[in-house]
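Letters A, B, ... mirror the listed sequences (proteins, then strands); counts begin at 1.
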Amino acid sequence: MRQPEHMESNASLLQVNNLSIRLNSAAGLVHAVEDVSFTLKAGQTLGIVGESGSGKSVMARSLMNLLPRRAVAQRKGSVLLSGREISTLSERELQRLRGPDIAMIFQDPMTALNPVLTICVQVSEPLQQHLGMSKQAARARAIELLDAVGIPDAVNRIDQYPHQLSGGMRQRVVIAIALTCNPSLLIADEPTTALDVTVQRQILDLLTGLQKERRMGMLLITHDLGVVASRADFIAVMYAGRLVEVAPANTLFKSMQHPYTEALFNSIPRINDASHTRLQAIPGRPPQLHNPAPGCAFAPRCPYAQQRCHRETPPVVQAEQAGHLHACFYPVSAPVALGGVR
Amino acid sequence: MPAKKHPKIESRAQNFARALQQVFGRGFGPGFWLAVVWLLIVAFCALFADWLPVRDPLDPVIANRLNGPFTSNLLGADGLGRDIFARLIHGARVSVVIGLTAVSIGMLIGGALGIIAGYFRGHFERALMAVLDVILAFPWLVLLLALVAFIGQSLFAISVAIGFLWIPAYARVARANTLSVVQREYVLAAKAMGASTSRILIKEVLPNVILPVLAYGLVAMGLVIIVESALAFLGLSVEAPQPTWGGMISEGKRHLATAVHVAVIPSVTMFLTVLSLNFVGDRLRSRFDVKESNL
Amino acid sequence: MTNTSEQATPLQLRNRDDIVLRLEHLVVNFQVGKQTVQAVSDVSLDVALGETLGLVGESGCGKSTVGRAIMQLPPPSAGRVLFKGQDLSNMSGEALRQTRTGLQMIFQDPISSLNPRRKVRDIVAEGLQIWRRPNQDARVREVMEAVGLDPDTVADRRPHQFSGGQCQRICIARSLALDPDVLICDEPVSALDVSVQAQILNLLEDMKQRYQLTMVFVAHNLAVVKNVSDRVAVMYLGKLCEIGNAEAIYARPAHPYTRALLASIPDMDPDARGQQDKIPLLQGDLPSPANPPSGCRFRTRCPNAQARCAEVEPVMQAVADSMTPDHFVACHFPL
Ligand SMILES: Nc1ncnc2c1ncn2[C@@H]1O[C@H](COP(=O)(O)OP(=O)(O)O)[C@@H](O)[C@H]1O
Ligand SMILES: Nc1ncnc2c1ncn2[C@@H]1O[C@H](COP(=O)(O)OP(=O)(O)O)[C@@H](O)[C@H]1O
Ligand code: SF4
Ligand code: SF4
Ligand SMILES: [Mg+2]
Ligand SMILES: [Mg+2]
């Protein structure tokens with residue numbers, strides 16, 4: 001790892017301050033990310049949960065400056081990687097960062113791989129480019145990496161093309177590519193959404209295993225609370241471009257503060273509930289992100305909303321426990337019973 | 001539940017305006033509208049050529065032979081002293097008639113064949129595709145010459161001949177679009193509802209295939225106009241003295257050394273028209289494709 | 001599949017009067033190039049009046065194909081589909097068209113299952129128009145209101161003006177217009193947001209009560225399936241592994257594959273970290289349905305596989321000590 005052992009525990013690996021991103025779209029300016037701040041330490045996993053369209057991918061891509069240049073209308077705030085501001089870096093400097101410092105895994109393993117190149121070429125390219133390895137050495141290392149991500153018979157598979165692999169195997173290759181340069185920060189944007197439950201479990205186990213082993217910081221982005229519940233150290237809940245609640249994983253589930261977190265949690269069918277248990281649906285639907293109305297974005301669907309919520313935007317405040325933040329005027333305080341909830 | 005209440009009943013005009021905006025609304029840019037205006041002018045000339053206050057396109061005034069533009073004649077006169085402006089306007093009629101007829105024939109026959117092939121698949125599709133491939137592989141000019149020799153040189157005959165040549169292309173476009181529509185689940189839902197095959201073809205498939213095919217038709221019309229001029233060069237287009245743009249260019253080439261404008265003016269007119277057709281057709285097609293994908 | 005089992009009535013088919021839908025030895029093969037994809041192989045199951053049967057399994061195991069084969073879209077390669085005692089697979093075009101209106105289907109992608117060029121009113125009225133039913137307008141209003149759409153505001157709009165959840169409501173309204181007996185739902189909530197998913201699941205439950213529907217509910221999310229189902233059928237690579245009462249299967253799975261599926265569900269309790277690790281994780285991927293393993297199709301990934309599993313295909317047997325009767329499993333060594 002690039003950081004000395006003793007620094008890891010206290011220095012933050014990734015610090016995002018007041019990040020706001022607006023995008024151009026046919027319907028007008030999209031407020032995709034609004035005033036997002038969080039900190040991630042080395043060796044930790046931050047789970048970011050939100051429904052589709054809540055701005056998770058835009059946020060993740062903006063950390064690496066991967067958004068299409070023409071789409072970005074406005075960008076505010078700072079992104080510090082190991083204390084260094086990276087949002088102002090030039091494209092060339094950023095390219096040097098991508099790979100050795102930050103790596104990213106995308107939702108769709110098919111589009112993340114080049115269909116006309118063999119696995120070998122795709123895995124060993126960053127090794128040759130960033131680490132200056134020879135072709136043979138890179139190939140040998142690529143086989144090691146494919147082994148490490150659980151691809152059986154890596155020696156033979158390495159010369160196959162992406163279409164010859166199953167979805168789960170492709171995602172493993174994508175992970176292997178992300179790991180080539182030993183990144184200190186791994187951003188996984190819905191890495192298992194396109195996969196089956198059984199394969200999802202394998203890939204998540206693999207990711208958390210690798211993350212522990214290599215002491216990487218990981219941003220695990222998903223729309224499924226269940227995916228992050230038992231794997232993330234911290235969980236951030238995103239709604240309409242804002243982080244509405246951030247807390248250590250076990251604190252969050254024991255004492256949800258934000259009504260949206262609570263509603264989301266309650267609307268998910270539980271495997272331990274009896275059949276035909278009525279679900280507590282959230283009325284309405286997620287808001288459009290262009291021309292946001294003033295006030296709390298959740299107000300039209302919130303059971304606790306008061307007049308104030310429709311006028312003012314609730315600021316992010318500290319809840320009782322340390323490290324538990326939420327953005328709500330009237331937080332839910334009653335602790336949620338967790339008895340046998342799966 | 002609708003998150004936002006909409007006005008109860010929208011007037012027809014509002015609905016129409018919204019539909020227009022969806023199809024033509026944003027992002028076409030001034031180029032598109034310029035092209036549309038040009039095409040409207042051409043269509044207007046073709047329609048009303050006989051009543052427009054222009055000179056007789058067939059009247060040779062020897063004194064004006066090869067006069068340049070803005071002299072005795074607005075756009076000059078040709079080798080026989082006929083007014084080029086008047087001939088352009090009357091020639092537009094030939095281009096438009098050939099374009100429309102040929103494209104309609106191709107669209108109707110080719111489109112129907114393509115939809116049927118794409119919907120029913122199987123032997124019919126394979127046989128049709130094989131035949132179309134053979135037609136496409138045939139040198140088109142030779143085919144056209146044979147057709148014209150066979151059915152004659154009247155405006156209608158030439159239109160039919162050119163239209164026939166376009167059948168394979170339309171069949172392909174219609175088949176490709178049908179194949180993608182048939183996979184959509186609304187077709188399955190209609191079947192589950194008990195819809196007959198003809199109902200599915202007319203209500204579910206046709207409306208989704210016709211727009212891309214129409215847009216393609218505009219591009220094709222541009223090519224048809226060029227094909228007509230190629231025929232004119234070979235002296236096989238509509239018989240003289242009926243003015244056609246292709247014929248005018250063909251005649252003008254004799255005077256290239258002395259009076260460039262005789263060939264250049266109809267060339268530019270034709271160029272602008274074909275360009276406009278391509279431009280409009282292409283924009284519309286991409287608009288429909290985008291609509292397909294985000295629907 | 002031996003010849004005798006082909007003839008015999010499968011064990012898992014119940015002998016009851018109120019069976020609405022019954023599949024016997026259903027086989028669906030697809031010819032892809034030179035290969036034969038065995039999408040569904042010898043699946044037999046039944047659904048009783050007012051029951052919801054959940055159909056689960058990994059993607060590609062043939063769930064949708066079963067759903068479509070019930071509708072005869074396309075008809076199965078072999079086997080029978082009995083709807084209220086009538087054999088759909090033997091019916092001629094016109095009779096099938098008529099009978100099939102008693103079965104309706106909703107699909108995963110609500111947007112691609114609505115014709116973009118038609119108005120919502122026409123989409124919902126489609127079945128009524130085809131069969132020239134009387135009082136079409138009133139019926140359209142009724143089903144639109146039932147699914148929570150305001151007929152006055154939505155009837156004249158086109159599908160692309162609606163969100164995924166709204167489109168799914170339109171699809172449900174359309175399927176209800178002809179007053180079907182059976183509703184086949186193919187992953188109806190998989191494409192929806194989590195917060196909207198609960199709305200649609202509740203709606204389906206309401207519609208089931210209101211219109212006395214019998215449902216087949218296809219999904220890959222086991223929690224969703226449990227929520228809506230009375231009985232659950234687990235499929236693997238075109239075969240039925242286990243079928244039985246939902247509570248019984250989830251509490252005590254008898255098939256190693258069912259257990260593995262249940263163990264893969266992400267845990268919602270952060271304190272339960274690592275607890276599931278006692279159950280061996282499913283390794284590897286789904287084999288190709290064009291070339292399925294011999295014997296038990298699950299044997300290449302089964303932690304309990306023995307030599308016998310490769311040689312003899314397991315047949316359905318009753319689960320000995322299940323909480324409920326009518327619980328069957330196809331495994332040589334049930335759990
Ligand atoms: N390239 C882009 N141009 C314009 N708008 C975009 C672009 N990418 C995403 N958006 C919009 O930004 C919002 C957030 O999208 P996204 O981050 O992809 O959501 P999520 O990943 O949480 O599902 C959405 O409203 C989406 O339409
Ligand atoms: N029309 C088709 N042609 C060829 N193969 C098909 C077709 N439909 C489905 N299949 C194949 O049949 C198998 C089962 O598919 P499907 O029923 O869609 O699975 P599921 O719905 O469980 O995901 C898959 O391997 C799939 O590739
Ligand atoms: S601020 Fe008001 S509307 Fe927003 S979540 Fe809190 S209570 Fe609900
Ligand atoms: S029959 Fe054998 S391989 Fe198949 S599930 Fe049972 S134990 Fe496993
Ligand atoms: Mg995303
Ligand atoms: Mg399916």
Side-chain angles (χ1 to χ4, degrees), chain A residues 51-54 150 152 165-169 192 195-202 204-205 223-232 235 248-254 260 263-286 301 338 340-342, chain C residues 52 54 56-61 163-166 192-203 205 208 220-232 245-247 250-251 257 260-277 281-286 301:
Chain A
E51 291 178 81
S52 67
S54 58
L165 304 179
S166 69
M169 286 296 155
T192 59
L195 307 175
D196 269 306
V197 259
T198 53
V199 184
Q200 159 167 303
R201 176 87 196 276
Q202 296 169 10
L204 289 175
D205 285 351
H223 66 270
D224 185 352
L225 257 179
V227 164
V228 287
S230 56
R231 293 174 199 274
I235 295 179
N250 32 19
T251 315
L252 183 82
F253 283 89
K254 291 207 177 85
Y260 175 65
L264 190 63
F265 184 79
N266 288 338
S267 70
I268 301 171
R270 293 290 141 65
I271 202 110
N272 284 356
D273 287 351
S275 292
H276 305 294
T277 304
R278 186 114 189 133
L279 297 169
Q280 301 179 33
I282 310 178
R285 57 170 159 128
R301 309 170 79 187
L338 263 180
V341 166
R342 248 175 97 184
Chain C
T52 299
V56 288
E58 283 167 281
S59 66
C61 73
S163 66
Q166 299 278 80
L192 302 181
D193 272 324
V194 207
S195 70
V196 181
Q197 162 178 302
Q199 295 173 7
I200 298 295
L201 290 175
N202 283 343
L203 173 67
E205 200 84 352
K208 191 183 152 189
H220 64 263
N221 183 329
L222 287 122
V224 167
V225 166
K226 170 141 186 225
N227 183 269
V228 299
S229 308
D230 302 297
R231 260 161 85 79
V232 171
N245 178 281
E247 305 280 353
Y250 279 65
Y257 179 61
L261 272 184
L262 287 170
S264 313
I265 300 172
D267 207 314
M268 280 289 254
D269 180 359
D271 291 338
R273 249 172 232 237
Q275 266 180 20
Q276 297 166 327
D277 294 350
L281 249 186
L282 212 51
Q283 293 304 323
D285 299 304
L286 207 63
R301 299 166 82 191

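Residues passing the salt bridge (Lys or Arg N to Asp or Glu O under 4.0 Å) test with Asp224(A), sequence neighbours excluded: none.
Here the side chain of Lys226(C) pairs a donor or acceptor atom with the backbone of Asp273(A) at under 3.5 angstrom. Of the possible donor and acceptor atoms, one in the side chain of Gln199(C) sits under 3.5 Å from a partner among the backbone N and O of Gly284(A). Counting only distance, with no hydrogens or angles, the side chain of Ser275(A) and the backbone of Ser229(C) share a donor-acceptor pair below 3.5 Å. Asn202(C) contributes no side-chain N or O that, together with a main-chain N or O of Gln280(A), makes up a donor-acceptor pair within less than 3.5 Å. Distance alone, capped at 3.5 Å, is enough to place a donor-acceptor pair between the Arg201(A) side chain and the Ala263(C) backbone.
When heavy atoms are compared at a cutoff of 4.5 Å, Gln197(C) approaches chain A solely by way of its side chain, counted from C-beta outward. Residue contact with chain C, scored on non-hydrogen atoms closer than 4.5 Å, involves the backbone and the side chain of Ala274(A) alike. Contact of Ile268(A) with chain C is made through the side chain alone, with heavy-atom distances under 4.5 Å. For Val224(C), the parts sitting under 4.5 Å from any heavy atom of chain A are the backbone and the side chain alike. If you measure heavy-atom distances from Gln200(A) to chain C, the contacts under 4.5 Å come from the side chain alone. At a 4.5 Å heavy-atom cutoff, the contact between Asp230(C) and chain A is made by backbone and side-chain atoms alike.
Considering CG of Asn227(C) and OG1 of Thr277(A), their distance stands at 6.0 Å, rounded to 0.5 Å. Interatomic distance, CG of Leu286(C) versus CG of Asp196(A), reported as 7.5 Å (0.5 Å rounding).
At a threshold of 4.5 Å between non-hydrogen side-chain atoms, the residues Val197(A) and Glu58(C) do not count as touching. In this structure the side chain of Pro286(A) reaches within 4.5 angstrom of the side chain of Val196(C), judged on heavy atoms. When side chains are defined from C-beta on, Ser195(C) does not count as touching Arg285(A), because their heavy atoms never get closer than 4.5 Å.
The shortest heavy-atom contact between Val227(A) and Pro266(C) is N-CB, 3.9 Å. For the residue pair His276(A) and Val228(C), the shortest heavy atom distance occurs at CE1-O, 3.0 Å.
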Exercise for the section: Check the pair Arg301(C) / Thr198(A) against side chain to side chain contact (heavy atoms under 4.5 Å, CB included), numbers first and verdict last. Expected result: CA-CA 11 Å; Arg301(C) 299 166 82 191; Thr198(A) 53; 3.9 Å; yes
Handout entry: Stepwise side chain to side chain contact (heavy atoms under 4.5 Å, CB included) test for Asp193(C) and His223(A)
Key = CA-CA 8 Å; Asp193(C) 272 324; His223(A) 66 270; over 6 Å; no
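The candidate with the highest count of non-hydrogen atom pairs below 4.5 Å against chain C, out of Arg278(A), Arg301(A), Gln202(A), is Arg278(A). Top candidate by heavy-atom pairs under 4.5 Å with chain A, chosen from Ser59(C), Ala246(C), Gly60(C), is Ser59(C).
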